[in-house]
There are 2 protein chains.
Amino acid sequence: MTSSSTSGAPRSPDGDRGDLFDPGCPTRRLLDRIGTKWTSMAVKVLAEASPEEVRFAELQRSMTGISQKMLSATLQGLARDGLVGRRVEATVPPRVYYRLTPLGLTLEEPLAALREWAEAHMAEVDRANRRDEAS
Amino acid sequence: MTSSSTSGAPRSPDGDRGDLFDPGCPTRRLLDRIGTKWTSMAVKVLAEASPEEVRFAELQRSMTGISQKMLSATLQGLARDGLVGRRVEATVPPRVYYRLTPLGLTLEEPLAALREWAEAHMAEVDRANRRDEAS
DNA sequence: CCGAATCCATCAGGATACTG
DNA sequence: CAGTATCCTGATGGATTCGG
């Protein structure tokens with residue numbers, strides 16, 4: 001098993017060790033997903049395009065620096081989570097369109113709040129870092 | 001106010017290639033921090049205690065499963081970012097108190113929004129995952 | 001009591017090449 | 001055009017131990 005999925009589903013079909021950790025925190029599990037390198041950016045791009053669909057190559061262009069592998073993995077993860085939907089156009093060459101599901105759209109709200117905080121305060125965070133580096 | 005400042009590119013490995021990647025996205029950098037395993041939980045615990053201070057061992061007890069190393073690293077990171085403050089009581093044995101700074105407190109708002117989304121919708125996400133596993 | 005240091009397992013994620 | 005497969009690296013983070 002090379003990869004047991006990025007968003008590790010509880011792969012303990014039976015009693016692993018019980019409850020060593022506290023997996024009952026949905027926030028942690030959410031952050032495990034949107035906290036990955038490209039996921040939140042994909043949601044943002046798709047949200048901005050919504051309700052229009054976006055093609056694979058178009059997404060790759062919007063997300064500078066992402067590889068096919070990571071884009072594919074990111075979209076797969078979001079699709080598995082029911083946050084984005086796929087539509088394949090059976091042409092030659094084939095075209096695949098992505099869009100946020102209604103559930104994915106609701107995620108955009110708190111994500112936008114986080115973005116606003118980042119744009120408002122990350123400069124101050126950076127300043128704090130500089131101050132600390134001086135020591 | 002993003003006084004834009006000198007817009008210091010955080011990590012230019014060596015030669016600045018212009019804009020191959022987009023390091024100007026503060027959201028990514030924010031998620032790189034709060035997306036780590038324990039950071040958001042620490043902020044939550046500290047926010048709930050605010051304006052009271054919390055001791056190291058107390059934090060460790062609240063965050064089930066965390067090691068000293070990770071708690072220390074998490075708090076250091078938050079302190080460097082100016083989100084939490086430390087107060088050392090020079091007793092024997094020494095006691096160290098942590099609390100959110102005003103800046104850290106402002107982060108609690110969007111973080112709480114994310115938490116609400118998680119509690120409201122993660123069950124649906126899980127259901128989507130099950131449905132996908134069936135294939 | 002606090003946390004720094006070491007060792008070690010795992011994994012995200014980048015580069016590349018190949019299929020349909 | 002869209003997606004998969006393989007290889008490889010550095011960062012994440014857990015357990016443990018030492019120091020102040």
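Chain identifiers are assigned alphabetically (A, B, ...) following the order of the sequence lines, protein sequences preceding nucleic acid strands; residue numbering begins at 1 within each chain.
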**Student:** What's the verdict on side-chain contact (heavy atoms from CB on, under 4.5 Å) for B:His121 and A:Leu103, showing C-alpha distance, side-chain angles and the deciding distance?
**Tutor:** CA-CA 8 Å; B:His121 300 292; A:Leu103 180 61; 3.7 Å; yes

**Student:** Taking CZ from B:Arg28 and C1' from C:dG13, how many angstroms apart are they, rounded to a whole number?
**Tutor:**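 Spelled out: CZ on B:Arg28 to C1' on C:dG13 is 11 Å.
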
**Student:** Apply salt bridge (Lys or Arg N to Asp or Glu O under 4.0 Å) to B:Arg28 and list each qualifying residue two or more places apart in sequence or on a separate chain.
**Tutor:**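 Salt bridge (Lys or Arg N to Asp or Glu O under 4.0 Å) check on B:Arg28 returns B:Asp32.
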
**Student:** Taking salt bridge (Lys or Arg N to Asp or Glu O under 4.0 Å) as the test, write out the residues that go with B:Glu108, two or more places apart.
**Tutor:**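 Counting only residues at least two positions away or on another chain, B:Glu108 forms a salt bridge (Lys or Arg N to Asp or Glu O under 4.0 Å) with B:Arg115.
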
**Student:** Just checking B:Glu109: does its CD atom have more than 12 heavy atoms from other residues, nucleotides or ligands closer to it than 6.0 angstrom?
**Tutor:**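 Result for CD/B:Glu109: open.
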
**Student:** When rounded to the nearest 0.5 angstrom, what is the spacing between NZ in A:Lys37 and CG in B:Leu31?
**Tutor:** 12.5 Å

**Student:** Specify the residues of residues 50-61 of chain B, ordered by number, for which at least one heavy atom lies under 4.0 angstrom from an atom of DNA chain C.
**Tutor:** B:Arg55, B:Phe56, B:Ala57

**Student:** Would you please confirm or rule out a distance under 4.0 Å between OP1 or OP2 of D:dT4 and any side-chain N or O of A:Ser72?
**Tutor:** yes

**Student:** How close or far is atom C1' of C:dG3 from atom CH2 of B:Trp38, stated in whole angstroms?
**Tutor:**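 Going from CH2 in B:Trp38 over to C1' in C:dG3 covers 17 Å.
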
**Student:** What pairs with B:Asp132 under salt bridge (Lys or Arg N to Asp or Glu O under 4.0 Å), at least two apart in sequence or on another chain?
**Tutor:** none

**Student:** Take the protein atom CE of A:Met70 and the nucleotide atom P of D:dT6, then report the distance between them rounded to whole Å.
**Tutor:**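 Atom CE in A:Met70 sits about 17 Å away from atom P in D:dT6.
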
**Student:** How far does CG of B:Leu83 sit from CZ of B:Arg33, to the nearest 0.5 angstrom?
**Tutor:**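 The CZ atom of B:Arg33 is 8.5 Å from CG of B:Leu83, to the nearest 0.5 Å.
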
**Student:** What is the distance from atom CD of B:Glu53 to atom CZ of B:Arg86, rounded to the nearest 0.5 Å?
**Tutor:**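 So the gap between those two atoms works out to 12.0 Å.
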
**Student:** Taking OP1 and OP2 of D:dC1, is either one under 4.0 Å from a side-chain nitrogen or oxygen of A:Tyr97?
**Tutor:**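 Result: no.
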
**Student:** Strictly below 4.0 Å: does A:Gln68 bring a side-chain N or O up to OP1 or OP2 of C:dA17?
**Tutor:** no

**Student:** Which residue, A:Leu75 or A:Lys69, contacts DNA chain D at a nucleotide closer to its 5' end, judged by nearest heavy atom?
**Tutor:** A:Leu75

**Student:** What's the angle between the local helix axes at either end of the helix from C:dC1-D:dG20 to C:dG20-D:dC1, using five pairs per end and rounding to 10 degrees?
**Tutor:**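 That helix gives 40° between its end axes.
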
**Student:** Whole Å only: how far is the CG atom of A:Leu71 from the C1' atom of C:dA12?
**Tutor:** 16 Å

**Student:** Give, for atom NZ of A:Lys44 and atom CG of A:Leu114, the distance between the pair rounded to the nearest 0.5 Å.
**Tutor:**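 Atom-to-atom, A:Lys44:NZ and A:Leu114:CG are 12.5 Å apart.
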
**Student:** Find the distance A:Gln76:CD to D:dG3:P and express it as a whole number of Å.
**Tutor:** 8 Å

**Student:** Where the side chain of A:Val96 is defined as all heavy atoms beyond and including C-beta, which of C:dC2, D:dG13, D:dA2 is the nearest nucleotide?
**Tutor:** D:dA2

**Student:** Quick check: does any side chain N or O of B:Ser50 sit under 3.5 Å from a backbone N or O of B:Leu46, one acting as donor and the other as acceptor?
**Tutor:**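 Pair absent, no side-chain N/O of B:Ser50 close to backbone of B:Leu46.
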
**Student:** Report yes or no: does B:Thr39 contribute a side-chain atom to a donor-acceptor pair with the main-chain N or O of B:Gly35 at less than 3.5 Å?
**Tutor:** no

**Student:** Using a cut-off of strictly less than 4.0 Å between a heavy atom of the residue and any atom of DNA chain D, enumerate the qualifying residues of residues 86-94 of chain B by number.
**Tutor:**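 DNA chain D contact set from residues 86-94 of chain B: B:Pro94.
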
**Student:** Grab the CG-P distance between A:Leu78 and D:dG3 for me, whole Å please.
**Tutor:**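 In whole Å, D:dG3 P lies 13 Å from A:Leu78 CG.
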
**Student:** Provide, to the nearest angstrom, the distance between the CD1 atom belonging to B:Ile66 and the P atom belonging to C:dG3.
**Tutor:** 12 Å

**Student:** In whole Å, what is the span from the CZ atom of B:Arg95 to the C1' atom of C:dC1?
**Tutor:** 9 Å

**Student:** With clusters defined by side-chain heavy atoms of hydrophobic residues (ILVMFWY) lying less than 4.5 Å apart, directly or transitively, does A:Val84 cluster with A:Tyr97?
**Tutor:** no

